[in-house]
Novice: 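Below is a structure I'd like to ask you about.
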Amino acid sequence: VIIDVGGVLVRTSSRSSRQKWERYLKLAAGKLDEIVFGCPAATLSTLGKVTQGAVWANVQSILNITDNQLVDLISDFWRYDFVDMQLVSVLLALRPKYSTYILSNAWEGTRSILSQKYNIVEGKTVDRLFFSYELGLAKPDPNIFKTVSRMINLEFDKIMFIDDFDENIKAANDLGMKTIHFKDPELVVSILKGMIC
């Protein structure tokens, strides 16, 4: 079982602290997320080419805010992110019957953040963690799935892949993986519990 992090294991319960900044900066609703995740440095960090600090420096430049404002913005941006402990519990219960993995498009440094902030640890929460910034490849590029398949020594038809983005699910399906499109957390938990029996 291979599962995504952002939007799946870790989700945002409220955008209120981000909306506060959108009002302050006179941005359209949802624009802050677009700037943060869509800025040029974010793409480069996802591929391991620049640090996470470079992403926020890029955001600061785009928004034209001070250093102190940037510190507050970063804190507010992640304020309502949480780890789905029910989903983590099911992943733990899947082992040792199934091998479990994380595959995430993520900025440089995410491995340590997941460990320190959310206690998501390789060999404990799941068997292995795979991040785009470490592999130099990002979903939905088929090559990232091929690379991970080789590294875990499993054929595609032996893999269940869980993700929230349509394009990532399609890419995995095209390679022959079984997939769960993550839309309803309770449904996904129910499906995974059914695999344990």
Novice: Do His181 and Asp166 meet the criterion of a side-chain donor-acceptor pair at a distance under 3.5 Å?
Specialist: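 Yes, Asp166 and His181 have a side-chain donor paired with an acceptor closer than 3.5 Å.
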Novice: Using ring centroids (six-membered ring only for Trp), state whether Phe145 and Phe161 fall under 6.0 Å.
Specialist: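 Yes: the rings meet the under 6.0 Å criterion.
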Novice: Please identify each residue that fulfils side-chain contact (heavy atoms from CB on, under 4.5 Å) with Met85, with sequence neighbours left out.
Specialist: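 Scan of Met85 (side-chain contact (heavy atoms from CB on, under 4.5 Å), adjacent residues dropped) gives Val83, Val88.
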Novice: Is the shortest heavy-atom distance from the side chain of Asn143 to the side chain of Leu135 under 4.5 Å?
Specialist: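 No, side chains not in contact.
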Novice: Please work out which of the three classes, parallel, tilted or perpendicular, describes the rings of Phe37 and Trp107, given edges at 30° and 60°.
Specialist: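 Plane angle between 30° and 60°, so tilted.
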Novice: Is the backbone of Leu92 close enough, under 3.5 Å, to the side chain of Arg95 for a donor and an acceptor to pair up by distance?
Specialist: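 No.
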Novice: I need the minimum non-hydrogen distance between Asn105 and Asp4, along with the two atoms involved.
Specialist: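 Looking at all heavy atoms of both residues, the closest pair is N-OD1, 4.5 Å.
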Novice: Check side-chain hydrogen bond (donor to acceptor under 3.5 Å, both in side chains) between Arg79 and all other residues, then give those that pass, not counting sequence neighbours.
Specialist: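 Only Ser75, Asp76 meet the side-chain hydrogen bond (donor to acceptor under 3.5 Å, both in side chains) criterion with Arg79.
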Novice: Would you mind checking if Asp33 and Arg18 are paired as a salt bridge, meaning a charged N to carboxylate O distance below 4.0 Å?
Specialist: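 Salt bridge between Arg18 and Asp33, a charged N being under 4.0 Å from a carboxylate O: yes.
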Novice: Which heavy atom of Thr66 sits nearest a heavy atom of Gln60, and at what distance?
Specialist: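 Nearest pair, atom of Thr66 first, then Gln60: C-NE2, 3.3 Å.
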Novice: What closest approach, in Å, do Glu22 and Lys31 show between heavy atoms, and which atom pair accounts for it?
Specialist: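 Minimum heavy-atom contact is OE2-N, 3.2 Å.
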Novice: Could you state whether Leu94 and Phe182 fall into the same hydrophobic cluster, counting links through intermediate Ile, Leu, Val, Met, Phe, Trp or Tyr residues with side-chain heavy atoms under 4.5 angstrom apart?
Specialist: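 In one cluster: yes.
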Novice: Quick one: does Thr46's side chain have a donor or acceptor within less than 3.5 Å of a partner on Ala42's backbone?
Specialist: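 A pair under 3.5 Å: yes.
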Novice: When you compare the side chain of Trp56 with that of Val36, does any pair of heavy atoms fall below 4.5 Å?
Specialist: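 When only atoms from C-beta onward are counted, Trp56 and Val36 do touch, with a gap below 4.5 Å.
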Novice: Looking at every heavy atom in both Val8 and Arg11, which two are closest together, and how far apart are they?
Specialist: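 Val8 and Arg11 have their closest heavy atoms at O-NH1, 2.8 Å.
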Novice: Can you find a pair of side-chain heavy atoms, one from Thr179 and one from Asn168, that are under 4.5 Å apart?
Specialist: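 Of all side-chain heavy-atom pairs linking Asn168 with Thr179, none is under 4.5 Å.
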Novice: Is the shortest heavy-atom distance from the side chain of Leu129 to the side chain of Thr110 under 4.5 Å?
Specialist: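 Answer no - side chains too far apart.
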Novice: Can you name the closest pair of heavy atoms from Ile180 and Ile169 and give their distance?
Specialist: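 It is O-CD1, 3.5 Å.
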Novice: Under 4.5 Å between any side-chain heavy atoms of Leu91 and Leu9, yes or no?
Specialist: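 Yes, their side chains come closer than 4.5 Å.
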Novice: Quick one about Thr12 and Asp81 (side-chain donor to acceptor, distance below 3.5 Å, no hydrogens or angles considered), yes or no?
Specialist: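 Yes, a side-chain donor-acceptor pair sits under 3.5 Å.
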Novice: Are Arg15 and Tyr80 in a cation-pi contact, defined as NZ or CZ under 6.0 Å from the six-membered ring centre and within 45° of the axis?
Specialist: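 Geometry flag: not set, cation outside 6.0 Å or 45°.
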Novice: If the plane angle is over 60° it's perpendicular, under 30° parallel, otherwise tilted; pick one for Trp21 and Tyr24.
Specialist: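 Correct class here is perpendicular.
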Novice: Examine distances only and state if a side-chain atom of Ser132 and a backbone atom of Ala106 form a donor-acceptor pair shorter than 3.5 Å.
Specialist: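 A pair under 3.5 Å: yes.
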Novice: Are any of the side-chain heavy atoms of Asp157 and Met177 separated by less than 4.5 Å?
Specialist: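 A side-chain contact under 4.5 Å is absent here.
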Novice: If you take all heavy atoms of Asp84 and Pro185, which pair is closest and at what distance?
Specialist: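 Closest pair (atom of Asp84, atom of Pro185, distance): OD2-CB, 4.2 Å.
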Novice: When you compare the side chain of Ile152 with that of Tyr101, does any pair of heavy atoms fall below 4.5 Å?
Specialist: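 Yes; the side chains approach each other to less than 4.5 Å.
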Novice: Using only atom types and a distance under 3.5 Å, with no angle test, would you say the side chain of Glu108 pairs donor to acceptor with the backbone of Val50?
Specialist: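 Side chain of Glu108 to backbone of Val50: no pair is present.
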Novice: Does the side chain of Val148 reach to within under 4.5 Å of the side chain of Ile159, using non-hydrogen atoms?
Specialist: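 Not in contact.
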